[in-house]
Amino acid sequence: MTTLVLGGTGKTGRRVAQRLRGAGVPVRIGSRTAPQPFDWTDPATWQPVLSGVRSVYVSYQPDLAAPGAPQAIQAFTDLAAASGVTRLVLLSGRGEDEAAVCEQIVRSAGVESTVLRCSWFNQNFSEDHLLEPVLAGEVALPVGDVPEPFVDADDIADVAVAALTEEGHDGQVYELTGPRLLTFAGAVAEIAAATGRDITFVQVPAADYAAQLPPELADLLMYLFTTVLDGRNAHLTDDVRLILGREPRDFADYAKQTAGTWIV
């Protein structure tokens with residue numbers, strides 16, 4: 001039975017798709033560039049990709065905290081349930097009140113559901129908007145010494161695949177974290193140590209940082225950096241270990257294995 005992976009070319013989605021294919025599970029990629037395109041902003045593209053699908057990995061772009069996310073999640077889950085989908089796995093934001101609304105929508109869809117709450121990914125430094133500053137040698141962000149439980153995208157994907165393919169995860173809300181808390185300055189220091197490069201972290205005023213952002217992302221990123229990153233997520237969980245039977249990947253190991261990406 002086909003599994004639809006929304007955001008199937010993104011950080012977690014492509015890892016989920018790779019693992020499912022490796023396990024012999026038929027996969028359909030949901031993205032704007034897929035042979036059968038899927039676009040969250042165009043509901044007309046939703047029904048075609050749901051044909052013959054029984055489970056869905058739901059990764060919403062740009063974030064569940066973005067305006068309009070609950071409405072889109074409600075419309076999609078209603079359509080998915082009506083189309084014969086029997087299992088939904090939602091990638092959610094840890095500590096985001098707006099994401100909690102979307103979680104409740106998915107959990108009330110009348111099908112099996114699992115919620116994966118995550119905060120900052122390790123891979124934000126190597127596959128996202130923080131890559132360029134790392135390459136330039138200076139990461140400037142409006143954050144202080146608030147610790148975060150950085151989680152690895154590979155761990156998220158492994159848990160997602162378990163929830164999509166195994167029994168026993170229906171109705172569960174998993175909070176996925178790494179094995180230790182780390183500030184952004186500490187994370188940058190780990191990258192510097194792994195690469196042997198002089199890479200510094202600089203705390204900047206929120207207004208100065210916001211002025212440099214693309215207008216369409218400014219409000220969302222500032223919300224994530226200044227509101228969600230207030231210490232509310234500064235605690236660890238055992239959910240990765242409990243589900244996978246192993247410890248989550250440490251940021252230092254991620255930095256060592258990814259070092260080649262940052263060596264210029």
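Fair warning: this is a prediction, and the values are worked out from it, not measured in the lab. Computed over heavy atoms, backbone and side chain alike; hydrogens, waters and symmetry mates excluded.
With hydrogens and angles left out, the side-chain atoms of E175 and T237 include no donor and acceptor closer than 3.5 Å. Looking at E112 and T86, their side chains never bring a donor and an acceptor atom within 3.5 Å of each other. Q212 and D208 are not linked by any side-chain donor-acceptor pair at a separation below 3.5 angstrom, with hydrogens and angles left out of the test.
Here the options are V49, L88, V85, the test is side-chain contact (heavy atoms from CB on, under 4.5 Å), and the partner is L4; only V49 passes.
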Inset, instruction - Begin from the C-alpha positions of V134 and V188 and carry the test side chain to side chain contact (heavy atoms under 4.5 Å, CB included) through to its verdict. - result: CA-CA 8 Å; V134 172; V188 171; 5.7 Å; no
Legend entry - Evaluation steps, salt bridge (Lys or Arg N to Asp or Glu O under 4.0 Å), between D155 and R241: CA-CA 10 Å; D155 289 338; R241 181 180 59 80; over 6 Å; no
Legend entry - side chain to side chain contact (heavy atoms under 4.5 Å, CB included) between M222 and L213, worked out: CA-CA 9 Å; M222 291 309 299; L213 296 173; 4.2 Å; yes
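Applying the salt bridge (Lys or Arg N to Asp or Glu O under 4.0 Å) rule to D250 yields the partners R180; only residues at least two apart in sequence or on another chain are considered.
For the atom pair CZ (F225) and CG (D230), the distance works out to 14.0 Å, reported to the nearest 0.5 Å. Note: E148 CD to L181 CG = 8.0 Å, rounded to the nearest 0.5 Å. With rounding to the nearest 0.5 angstrom, the SG atom of C118 is 5.0 Å from the CG atom of L91. Distance check: L90 CG to T114 OG1 gives 10.0 Å after rounding to the nearest 0.5 Å. The OG atom of S113 lies 5.5 Å from the CG atom of D170; values are rounded to the nearest 0.5 Å. Between atom CG of residue D253 and atom CD of residue E190 there is a gap of 9.5 Å, rounded to the nearest 0.5 Å.
No side-chain heavy atom of V139 sits less than 4.5 Å from a side-chain heavy atom of F184. Side-chain contact between R28 and F38 is absent, with no heavy atoms from C-beta onward closer than 4.5 Å. The shortest side-chain heavy-atom distance between T227 and R232 falls under the 4.5 Å cut-off. At least one side-chain heavy atom of T165 sits under 4.5 Å from a side-chain heavy atom of L20. R94 places none of its side-chain heavy atoms less than 4.5 Å from the side chain of V151.
Shortest non-hydrogen contact noted between Y223 and E98 is OH-OE1, 2.6 Å. Nearest heavy-atom pair, A210 versus A218, reported as atom, atom and distance to 0.1 Å: O-CB, 4.4 Å. For the residue pair P48 and Q36, the shortest heavy atom distance occurs at CB-NE2, 3.5 Å. In terms of heavy atoms, G178 sits closest to P248 at C-CG, 3.8 Å. Shown here for L135 and W262, the closest heavy-atom pair between the two residues is CD2-CA, 3.7 Å. For the pair A259 and A194, the tightest heavy-atom approach, listed with the atom from each and the gap, is CB-O, 3.7 Å.
Both L6 and I105 are members of a single hydrophobic cluster when ILVMFWY side chains are connected at heavy-atom separations under 4.5 Å. The cluster map of Ile, Leu, Val, Met, Phe, Trp and Tyr, joined by side-chain heavy atoms under 4.5 Å apart, puts I191 and V202 in the same cluster. V16 and W40 are members of different hydrophobic clusters when ILVMFWY side chains are connected at heavy-atom separations under 4.5 Å. At a threshold of 4.5 Å between side-chain heavy atoms, the hydrophobic network of Ile, Leu, Val, Met, Phe, Trp and Tyr places V161 and V5 in one connected group. When the side chains of ILVMFWY residues are joined at heavy-atom separations under 4.5 Å, either directly or via intervening members, V143 and L224 end up in a single hydrophobic cluster.
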Could you pull out all donor-acceptor pairs under 3.5 Å where a side-chain atom in residues 120-133 meets a protein atom, sequence neighbours excluded?
unit_1, atom_1, unit_2, atom_2, d
N122, ND2, D152, OD1, 3.0
Q123, OE1, A153, N, 2.9
Q123, NE2, D152, OD1, 3.1
Q123, NE2, D152, OD2, 3.3
S126, OG, Y254, OH, 2.7
E127, OE1, R14, NH1, 3.4
E127, OE1, R14, NH2, 3.0
E127, OE1, R15, NH1, 3.3
E127, OE2, R14, NH2, 3.3
E127, OE2, R15, NH2, 2.8
D128, OD2, K11, NZ, 2.8

Quiz: residues 53-72 side-chain donor-acceptor pairs under 3.5 angstrom, not counting sequence neighbours:
unit_1, atom_1, unit_2, atom_2, d
S55, OG, T3, OG1, 2.7
Y57, OH, T12, OG1, 2.8
D63, OD1, A65, N, 2.8

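A salt bridge is absent between R117 and D239: the closest approach of a Lys/Arg side-chain nitrogen to an acidic carboxylate oxygen does not fall below 4.0 angstrom. R87 has a carboxylate O that lies under 4.0 Å from a charged side-chain N of E167, or vice versa, which qualifies the two as a salt bridge.
T258 contributes no side-chain N or O that, together with a main-chain N or O of A255, makes up a donor-acceptor pair within less than 3.5 Å. Side chain of T77 to main chain of A109: no donor-acceptor pair is present (N/O by atom type, distance under 3.5 Å, no hydrogens or angles). With hydrogens and angles disregarded, a donor-acceptor distance shorter than 3.5 Å links the side chain of T45 to the backbone of D39. In this structure a side-chain-to-backbone donor-acceptor pair under 3.5 Å is missing from N233 to S119. In terms of modelled atom types and a separation under 3.5 Å, the side chain of R107 and the main chain of V115 share no donor-acceptor contact.
For D42, the CG atom counts as densely surrounded, since its 6.0 Å shell holds more than 12 non-hydrogen atoms of other residues, nucleotides or ligands.
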